[in-house]
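Here is the structure we will look at, set down as structure tokens.
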Amino acid sequence: MTSPFDQPVARDHTCSVKFDARKAVFGREEVIPVWVADMDFAAPEAVTQALVARAQHPVYGYTLFPDSLFQSMIDWFQNRHGWAIERDWILMAPGVVPSLHAACLAYSEPGQGVIIQPPVYPPFFSSIRQCDRTVIENPLILGSDAGEGPGRYRMDLEHLEQCAARADARVLMLCSPHNPVGRVWTEDELREVLAIARKHNLVVLSDEIHCDLTFDDGPRHSMLATLAEPDDAVVTTIAPSKSFNMPGLGLSAVVIPDIERRNALKTVFQTMHMPQCNPFSVAGFEAGYKDGGPWLDELQVYLQGNRDYVVEAVNRRLSGIRVFAPEATYLMWLDCRALGLSDAELKRFFVQEAGVGMNPGISFGEPGSGFMRLNIGCPRSVLTEVLDRIEAALVARS
């Protein structure tokens, strides 16, 4: 039976970063764009209907956050994740990335250290540096070095302890589930992180924007806050943008149980005038969490099929490239190191020879060297064309 997610949605000439920035990013428009982390699927009908209904009122003035918006989010996380959020804990923000910047300003001083675990989402680096803080790297460990399967990453908790013990360390930015390696951290791993943070008085900023995008055959995602003790300094960023494919609406939330830490971040938000929103963001946010569940359930099945298709095809057909099934997200981490190319050569190969636009692994930090990130949030026919192009380019090189 044909899935609705098999139906292509034309995105050219819609001011889409993913499609309309191809010339600027890759130097040519002919590449298939499987890079930036949004999906090529129509958002849930409930979200579109909510936006249309709001547009039918012809005044688009300054907008409040209604109680119903907060309740939709509270209900979602209680029902889906067993996390009981109180209304007073929630601050609204225009996105997770601005919240990373604000957290650096709220919980550290210029020159102080913020720990990250590369390879990791590039704004983790830039938010720290742009706020004049110091990046402290606690790289993930891959494969046999981790005592895991060859493509599975784990945290280096011993090294994390050393990083946390530094006199200048103030914040740990945790990516959970992890982008780009696709790990769902176990409860044991997360408890170890909390214990280290507690011991060394770190604030843990837990970016859980991909929390809804897990696979049935992998571990269940645990919200860090559900494992924390009452005095733990946990700040959680969440959004419906990845779950329901509406990142362009630009609205997220930060959940902070502790009033002093919440007020510290709120002060930064107010200084930057960040709480401002638009009426369409409000409508989409609420509709996603209130009515998007059935759509998300279907999406997860389709993405798991895409994931399994890519794993089988890459490992069978693409000599010199390996990939392992992620436990979460719609992003796959291609190990291209056996091709023997530099990062610049690797990007050129995929863009110029294969005609495929992906995110270079090196942009996620030095541990990403030799890798590429593939976005599988697209119809399977697109992935088929991507893999065919790469295979043909590899054959032409041999």
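Annotation: Phe364 is not in aromatic contact with Phe371 [ring centroid separation under 6.0 Å not met]. In this structure, Trp295 has its ring center at least 6.0 angstrom away from the ring center of Phe41.
Taking the centre and axis of the six-membered ring of Tyr302, the NZ or CZ atom of Arg380 falls inside the cone set by 45° and 6.0 Å.
Residue pairs meeting the side chain to side chain donor-acceptor pair (under 3.5 Å) criterion with at least one member in residues 81-99, sequence neighbours excluded: His81-Asp212.
In this structure, Leu374 and Ile376 have side chains that are in contact, with non-hydrogen atoms separated by less than 4.5 Å. A heavy-atom distance below 4.5 Å is found between the side chains of Glu353 and Arg397.
Side-chain polar atoms of Thr329 and Asn179 form no donor-acceptor pair below 3.5 angstrom.
Ring-plane geometry between Phe244 and Tyr289 is classed as perpendicular, the angle between the planes exceeding 60 degrees on a 0 to 90 degree scale with a lower cut at 30.
Checked against Phe19 for a side chain to side chain contact (heavy atoms under 4.5 Å, CB included), the options Asp12, Ile32, Val36 give a single hit: Asp12.
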Taking only distance into account, with no hydrogens and no angle test, what donor-acceptor pairs under 3.5 Å do side-chain atoms of residues 45-53 form with protein atoms, sequence neighbours excluded?
from: Glu45; atom 1: OE2; to: Gln49; atom 2: NE2; distance (Å): 3.4

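Between the side chain of His178 and the backbone N or O of Gln117, at least one donor-acceptor pair lies under 3.5 Å. Remark: side-chain polar atoms of Trp35 are paired, donor with acceptor, to backbone N or O of Lys18 under 3.5 angstrom.
The pair Glu161-Lys199 counts as a salt bridge, with a side-chain nitrogen and a carboxylate oxygen less than 4.0 angstrom apart.
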